[in-house]
Each structure stands twice: as C-alpha cells, then as structure tokens.
Colleague: 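Supplied in structure tokens, the structure appears directly below.
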Amino acid sequence: MAEESTQEQSRRDRIELIAAILIGLAAVLTAIATYQSGALSGEVRDANTEALAQTSFANDAYNNADAQQAIERDWFFGWLIEYQNDRPAAAYMENAMPPEVWALIEEWDTAVDDGILNPFSPDAQETYASYRELESVELLETGLDYMVSAQCAILDGRIADNKGGWFDLAAVFLAITLVTGGIAALLKSRIAQHLVLGTAAFCLLIGAVLLVAGGDSESARDDVIAEVFEAPEEALACDNN
C-alpha cells in the first residue's frame, strides 16, 4: 500500500514537473508573442501614417501638374494664335515663355505634318521628346513617385498586420497551454491528466509554429503583395526605395 502510494506520488510529481515545464515555456513564448504583436501594431500605425502622407504629397503634385500644364497650354495656344495672325506679340511670347515650352513648339512645328495636332494630348509624350521636359510632366512623375511610396507604405503596413495576426493567434494557443497546464497539475485521474497535458503540449507546439510563421517576412510579403499591387512585379519598386 505504501509502495502504491509512493508510486502515485511519484507520478503526480512527474505530472507537476511536466506541467511546470509546459507552463514555463508557454509563459516565455507568450511574452515574445505579445511583445512582437505590440511592436507590429506600432509598425502598422506608422505605415498607415506614411501612406496617408505620401498620398497627400502625390495629390498636391498632381494638382500642381494640372495647373502647370494649363499654363503651358496657354503659352502654346496663345503663341500659335498670335503667330498665325502675324502679330508682334508672338515674338514677345517666344522670349517670355519657359524654354521647355518653346522647345516643344519647335519640335511640334517641324513635325506638324506627320505629328499630332495637339502636343498636349495623351499621345504627345510618345510623339515629342521635348514633351517629357515640361515642368508639368516632371510634377506628374513626382506624383507617381509619391504614389509608389504610398503603395510601399501600405505594403509594409499589410505585412506587419499579417505578421501581427500570426502572433496574436499564437498567443491564444499559448494561453490555452497556460490554462490546461495548470489544470493538469490539479487533476487526480491519470487519464484526465494525460489528456489535459496532451492538449497543453499540442497547443504549445501550435503556438511555437505560429510564432515562427509570424516571423517569416518573405511569406507574409508574398501573401499581401497581390492585395496592394495589380501586378506582383510592381512591388519590386519598393525594394529600390
């Protein structure tokens, strides 16, 4: 009887030791998951703020580009009217207008037979090399650069959010390990103890796997690229920023 009692106590001691180890590991991993989740939440906020700022810069650049092109169009068509009517103002405008606008006029004038009537039409950038030198086009390209930066910031935020989700899920399973590990030490039934300890060990394993998955930046990146960019290769621009 005494020997049976000793064996039972020894078994309970082993169960308590295993439970303590599981609880200890789960506590450490939970701390890691919680810390990483909090840090990633900060990254998400920063990325969203950056995306909004870059989008605002892009909108400003687009608005300035529209305004600047209106001025350039006025110079071009104003000069054309004066020139066709053989008025002295044409010579004055030639000297007063921005040099890049005059370069476009010269190129348009020499290619008017096989070119396009309106050098500010959507096809102009492909037809006239000097069109790309206009200030409005440079502002438009600046706006496009800002939009790429905004998309990259959104990508970074989505990646951080994706990784944070894995860490949050890991914390749930690790919390189950903490609870079941504590319960196992209190149970008296051997079968119940083994079942609860098995559950605790399984949840600990799942939590550890989720922690590793959450730390895999490349996997998280691949998961969200399609949500941000129309074509995956567009994300390569973010690697160059």
Side-chain angles (χ1 to χ4, degrees), residues 25-73 98 100 120 122 125 131-178 203-204 206-241:
L25 290 174
V28 172
L29 295 180
T30 298
I32 294 174
T34 302
Y35 173 80
Q36 293 291 350
S37 179
L40 289 167
S41 294
E43 289 185 21
V44 172
R45 289 192 299 271
D46 291 343
N48 289 338
T49 300
E50 179 67 12
L52 289 173
Q54 294 296 324
T55 300
S56 177
F57 295 152
N59 289 333
D60 288 343
Y62 291 149
N63 291 334
N64 291 336
D66 289 341
Q68 182 60 33
Q69 185 158 106
I71 295 173
E72 293 163 351
R73 289 168 64 92
E100 61 270 14
F120 293 93
Q125 192 161 0
Y131 178 84
R132 293 187 290 273
E133 303 301 322
L134 295 176
E135 184 178 349
S136 60
V137 176
E138 294 179 357
L139 287 169
L140 179 61
E141 291 176 348
T142 299
L144 291 173
D145 289 339
Y146 280 132
M147 282 306 299
V148 170
S149 297
Q151 286 183 306
C152 292
I154 292 173
L155 176 63
D156 291 340
R158 294 280 183 86
I159 291 173
D161 187 53
N162 182 285
K163 293 171 65 176
W166 287 102
F167 286 119
D168 289 340
L169 188 58
V172 171
F173 279 94
L174 294 170
I176 295 174
T177 299
L178 291 171
C203 290
L204 179 66
I206 295 297
V209 170
L210 290 172
L211 279 179
V212 174
D216 186 355
S217 297
E218 287 303 318
S219 176
R221 178 186 175 87
D222 293 340
D223 289 341
V224 300
I225 278 179
E227 301 175 10
V228 179
F229 295 94
E230 293 183 1
E233 57 271 16
E234 293 178 358
L236 295 176
C238 299
D239 297 331
N240 299 325
N241 285 348

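Keep in mind that the numbers below use all heavy atoms, side chains included, and drop hydrogens, waters and symmetry copies. Treat the numbers as computed from the prediction; the structure is a model and nothing was measured.
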Colleague: At their closest point, which heavy atom of Ala153 faces which heavy atom of Ala51, and how far apart are they?
Modeller: CB-N, 3.7 Å
Colleague: Quick check on Tyr62: does its OH atom have over 12 non-hydrogen neighbours (other residues, nucleotides or ligands) under 6.0 Å away?
Modeller: yes
Colleague: At what distance, to the nearest 0.5 angstrom, does CD1 of Ile154 lie from CD1 of Ile159?
Modeller: 12.0 Å
Colleague: Roughly how far, to the nearest 0.5 Å, is CG of Leu210 from CG of Leu29?
Modeller: 11.0 Å
Colleague: Grab the two heavy atoms, one from Ala27 and one from Leu178, that are nearest each other, plus how far apart they are.
Modeller: N-CD2, 3.8 Å
Colleague: So do Phe120 and Tyr131 actually touch side chain to side chain, heavy atoms under 4.5 Å?
Modeller: yes
Colleague: Check Ile176 against Cys203 and note the closest heavy-atom contact, atom names and distance.
Modeller: CG2-SG, 3.5 Å
Colleague: Between Ala47 and Asp156, which heavy-atom pair has the shortest distance, and what is it?
Modeller: CB-C, 4.3 Å
Colleague: Measure the shortest side-chain to side-chain distance between Leu40 and Phe167 over non-hydrogen atoms and say whether it is less than 4.5 angstrom.
Modeller: yes
Colleague: So, taking the atom named CG in Leu139 and the one named CG in Asp60, what distance separates them when rounded to the nearest 0.5 Å?
Modeller: 11.0 Å
Colleague: Nearest 0.5 Å, please: how far is CG in Leu134 from CD in Glu100?
Modeller: 6.0 Å
Colleague: Quick check: closest heavy atoms across Gly164 and Ser37, and the distance to 0.1 Å?
Modeller: O-OG, 4.2 Å
Colleague: Are the side chain of Asn63 and the backbone N or O of Asn59 linked by a donor-acceptor pair below 3.5 Å?
Modeller: yes
Colleague: Within this structure, what is the OG-CD distance for the pair Ser136 and Gln69, rounded to the nearest 0.5 Å?
Modeller: 4.5 Å
Colleague: Between Leu204 and Thr177, which heavy-atom pair has the shortest distance, and what is it?
Modeller: N-OG1, 3.0 Å
Colleague: Rounded to the nearest 0.5 Å, what separates atom CZ in Arg132 from atom CD in Glu138?
Modeller: 12.0 Å
Colleague: Any side-chain heavy-atom pair from Met147 and Gln54 closer than 4.5 angstrom?
Modeller: no
Colleague: Main chain of Gly157, side chain of Glu50: is a donor-acceptor contact present, judged purely on distance under 3.5 Å?
Modeller: no
